[in-house]
Amino acid sequence: MAIRVIVGYDGSPAAAAAIDAGAALFPQAHVWITHLWTPPFASESLRRRLWTGAADIHQFIEAIEREGEAEARRLADRGVRLARTTGWNAEPLVRRVYGGEGLYFAQLAEELDADLVLVGSHGLGGARAVLGSVSDVVVHYTLRPVLVVPHPLLSAEQAALAHGPVLIGWDGSPGAEAAFAAAGRLLPGRNMVIVSVDGADIPSPAGSQSPTGGKTVDRLDVASGSGASGRAVAKALGSCARSRGAAALVVGSRGRSAVREILTGSVAMATLHHAHRPVIVVPRPHEGSK
């Protein structure tokens, strides 16, 4: 059965690159190309045209709403056409919002029962939210695994997407267990590498000692070289990803509050901001249903 992916799309190069990367990682997915628009969406030149042709302010507002929604739908349709050229089974999803795009996007993932959420590293619209970029908010609040694709990817990083191994950050925690399970579920057939940073005495996850599900599972114990901070661990994971030609990194979320996670810096968030590979952040089991 094809996995179900909700994709944030705003027409930017980063959003287009996220579609390309997602299709390489999940070639048989069913996807919703999702665009969230906030009135007044219309461009300045279009607003001027609408104002000169409007009899009063109410007619002007109605025209902006109408043209803004039409433009949003055209944008989503372009994203669908792009997704279909990659072989994806894609359909558009357009919703009007009045702020809080990241939270709304997280709610949509639950509403659609998506297996995966996909966003570009610059968020859904390049806007800044109170807690960071829209993509940051999506990661903090979505109860499903979230794939964040950095932009741009170098040619070697792009080439690794189709067949490269998947690296899983491993520390023996419930979050890491969830990440390991999600990687096997979402990317069956891929070779997996369990990466334990500064934790050689931590047991490997169950089922990782022998090939399972058509994939091989290796373990790599590495030293961060500069302590166990989130950034140091993220740098070690990124270094391993480069040396192994990894397609993606998978890390678990510790499930702390969004404010605390931003202030203290978790391994998951540090990996998102410092690893130059697609990163899948997986919530702990009790945080989500997938």
Side-chain angles (χ1 to χ4, degrees), residues 3 5-29 31 33-35 78-88 90 102 105 115-127 132-139 142 145-169 179 182-183 186-187 189-193 195 220 230-231 233-251 267-282:
I3 69 167
V5 183
I6 179 171
V7 181
Y9 184 76
D10 63 359
S12 67
I19 288 176
D20 286 339
L25 290 168
F26 307 100
Q28 304 301 320
V31 304
I33 302 299
T34 305
H35 181 69
R78 286 198 292 271
V80 167
R81 290 195 295 271
L82 174 62
R84 287 175 178 170
T85 63
T86 70
W88 262 353
F105 197 71
D115 298 300
L116 182 72
V117 177
L118 170 58
V119 291
S121 59
H122 295 295
L124 304 181
S133 71
V134 173
S135 55
D136 279 346
V137 176
V138 171
V139 170
T142 305
V146 180
L147 169 61
V148 180
V149 178
H151 178 72
L153 291 174
L154 301 181
S155 57
E157 296 159 351
Q158 189 74 38
L161 292 172
H163 304 293
V166 175
L167 268 59
I168 305 166
L186 296 172
L187 293 156
R190 289 275 184 157
N191 292 334
M192 305 284 175
V193 179
V195 182
L220 181 64
R231 180 172 295 187
V233 173
K235 288 178 64 176
L237 291 174
S239 177
C240 288
R242 288 191 298 274
S243 64
R244 290 294 185 105
L249 282 160
V250 184
V251 291
V267 170
M269 294 308 297
T271 304
L272 281 175
H273 291 292
H274 298 287
H276 300 291
R277 303 273 164 165
V279 177
I280 301 176
V281 179
V282 180

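The first residue in the sequence is number 1, and the count goes up from there.
Interatomic distance, OG1 of Thr34 versus CG of Leu118, reported as 10.0 Å (0.5 Å rounding). Rounding to the nearest 0.5 Å gives a distance of 10.0 Å between CG of Leu116 and OG1 of Thr142. Put simply, CD1 on Ile168 and CE on Met192 are 5.5 Å apart, with the number rounded to the nearest 0.5 Å. Rounded to the nearest 0.5 angstrom, Asp20 CG and Leu161 CG are separated by 9.0 Å.
Not one N or O on the side chain of Arg244 forms a donor-acceptor pair closer than 3.5 Å with the backbone of Pro165. A donor-acceptor pair is defined here as one N or O able to donate and one able to accept, closer than 3.5 Å; no such pair exists between the side chain of Arg277 and the backbone of Ala247.
Here Arg78 pairs with Glu71 under the salt bridge (charged side-chain N to carboxylate O under 4.0 Å, His left out) rule; sequence neighbours left out. Ala83 pairs by the side chain to side chain contact (heavy atoms under 4.5 Å, CB included) definition with Ile19, Ile33, Trp88, Ala90, not counting sequence neighbours. With sequence neighbours excluded, the residues forming a side chain to side chain contact (heavy atoms under 4.5 Å, CB included) with Ala275 are Leu249, Thr271, Val279, listed by chain and number.
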Cys240 and Leu220: CA distance, side-chain angles, deciding distance, side-chain contact (heavy atoms from CB on, under 4.5 Å) verdict: CA-CA 9 Å; Cys240 288; Leu220 181 64; 3.7 Å; yes
Step-by-step side-chain contact (heavy atoms from CB on, under 4.5 Å) determination, Val31 to Phe26: CA-CA 10 Å; Val31 304; Phe26 307 100; over 6 Å; no
Could you walk me through whether Val80 and Tyr9 pass the side-chain contact (heavy atoms from CB on, under 4.5 Å) check? CA-CA 9 Å; Val80 167; Tyr9 184 76; over 6 Å; no
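When all heavy atoms are compared, the tightest approach of Val281 to Ala268 is CG1-CB, 4.2 Å. Pairing each heavy atom of Ile280 with each of Pro145, the nearest pair is CG2-CB, 4.1 Å. Scanning all heavy atoms of the two residues, the minimum distance from Ala16 to Leu82 falls at CB-CD2, 3.7 Å. Nearest heavy-atom pair across Ala246 and Leu167 is CB-CD1, 3.5 Å. Between Leu147 and Pro278 the shortest heavy-atom distance is CD1-CB, 3.7 Å.
More than 12 heavy atoms of other residues, nucleotides or ligands sit less than 6.0 Å from atom CD of Gln158.
Evaluated for a side-chain contact (heavy atoms from CB on, under 4.5 Å) with Val282, the options Leu186, Val146, Val250 yield exactly one hit, Val250.
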